[in-house]
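First the structure, in the form of structure tokens, and then the observations on it.
Atoms within a ligand are numbered from 1 in the order they appear, just like the ligands themselves.
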Amino acid sequence: MKTFKEIKKLLHVATFFTLMVCAVVLTPSCSDDETVVEEKVNEITKYKTPKYIFYFIGDGMANPQINLAEAALNNTGFRLKSSSIGVGDMNISKFEVAGMATTYAQDRYITGSAAAATALATGEKTTINTISKNGDRTRNIETLAEMARDKGMRVGIVSSVSIDHATPACFYAHVNERKEYYNIASQMASSKFDYFGGGYAKGNFPSKGDGDILEKMKGAGYAIATTREELAAVKSGNKCWAYNHKTDRDGALLYEIDRPADCLSLTEFTKKGIELLDNENGFFLMVEAGKVDWACHANDAVSATHNMIEFDNAIGEAIAFYNAHPEETLIVLTGDHECGGLSIGFAGTGYENMFDLLKCQKLSYEAFTYKVKSWQPNTSFENALDSVELYFGLRNTTIDETLALSSSETQRLKTAFDLSMTDEKGDIYGGYDPFTLTITHILNNKAGLAWTSFKHTGVPVPVMAMGQGQYEFSGYYDNTDIAKKIMKVGALKVD
Ligand SMILES: [Zn+2]
């Protein structure tokens, strides 16, 4: 969440504020002090209604995912053991106001992305898998993005997963089940929002002819851009749906660690969104880092971290905009839930971390799984271990070094490899490819990281804010309150 430096700064501000209050109480005639206190109180309680609202949501992101990215960034260069202790600079560290939110759904303590995003988009709890409807699915709930649209602001929705996935969907669609992808994507075409960026529509696999989502979007006046050049050609004021010409099988952006040079990044989709949405009536832009969650489901810390750093770059675009428009901008950042039960600390490594080892992984679990699936049934375990060394740095050697596989680790890999080669899932691999999962577990553990789950966990998420109304977001509250605070600060709810 906050770096030590930031916390110290906040404590300093709080202490200063307390001292000033005491000073005023003890010496009521001191007008200079009164002025300082009044200015501080004004800073905290008075703000202008922001014209530009950014809402960043890290899917599967809580404190461990943020802090791991900070720690990984701090450890540049390949060293067998970290000599530099601390955290690297991230844009996330620049937020001066931090809070914390509970995440539970109406009917389950550990939430899912649909219920969580409904809370974050509407300010109301709902049931698992419900998209911006109430818990028994009898009523649509208006979203922040719809409120902003109706107020005359331009609206943009950006996500690294398919644009009809739960989190983005909760800002423009109202359906009973998150898996109604075609229904959700159809509502994108009737949303009258200005910009959709990032993922393709899972609901358009396969294309449905007359009902094709692309045709619906074009019919609704959206320009379609699938390359850097096409997106650059879209002019401000034009409605646009931008996605990469290469996606994963779900229509999502490829993992940042695997992203080909000719594919746009989350940051590029965000930057273009700002350009297209900027206008005198203001805008509301939601940006989701969706595949942090997917990488954490698969217990792949490296892919999650690369996507976290890319998310942080996208946040940097909003901060640059804020710096140009500090009197008119609000940026809110939160996660929808934690995923994987990621911990910085592992029983086998005690107090040690070796974040540098994470640099040895060269591709995502997803990309490696495709390689494993492509291997012939007669592929030898020895050949498989060569790939493990090539892509993850883990070595089958008797030399005592950090990346050497122990005999028990090699045995775990052999057991998993045999399952993978017979296309069996096993019962301890969370449904992922056994061989790939065992590799990421071993590498993560050697770095001093551990996982407790293949699913979400119920811990609170951080909330950070920058800009007009930022102090409204300090404290500990429920995830539904985040949306309510944005409604209040942004004067979005018109009764
Ligand atoms: Zn998830």
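- Heavy atoms of other residues, nucleotides or ligands lying less than 6.0 angstrom from NZ of Lys179 number 12 at most.
- Not one N/O/S atom of Cys296, from backbone or side chain, sits under 2.8 Å from the Zn ion (ligand 1).
- Remark: the backbone N or O of Thr103 is not paired with any side-chain donor or acceptor of Asp478 at under 3.5 angstrom.
- In this structure, Lys151 is not positioned above the aromatic face of Phe284 in the sense of NZ or CZ being under 6.0 Å from the six-membered ring centre and within 45° of the axis.
- Atom OD2 is the N, O or S atom of Asp293 at the shortest distance from the Zn ion (ligand 1).
- Taking 2.8 Å as the threshold, His456 counts as a candidate ligand of the Zn ion (ligand 1), since one of its N, O or S atoms lies below it.
- Using a 30° and 60° split on the angle between ring planes, Tyr243 and Tyr200 fall in the tilted class, from 30° to 60°.
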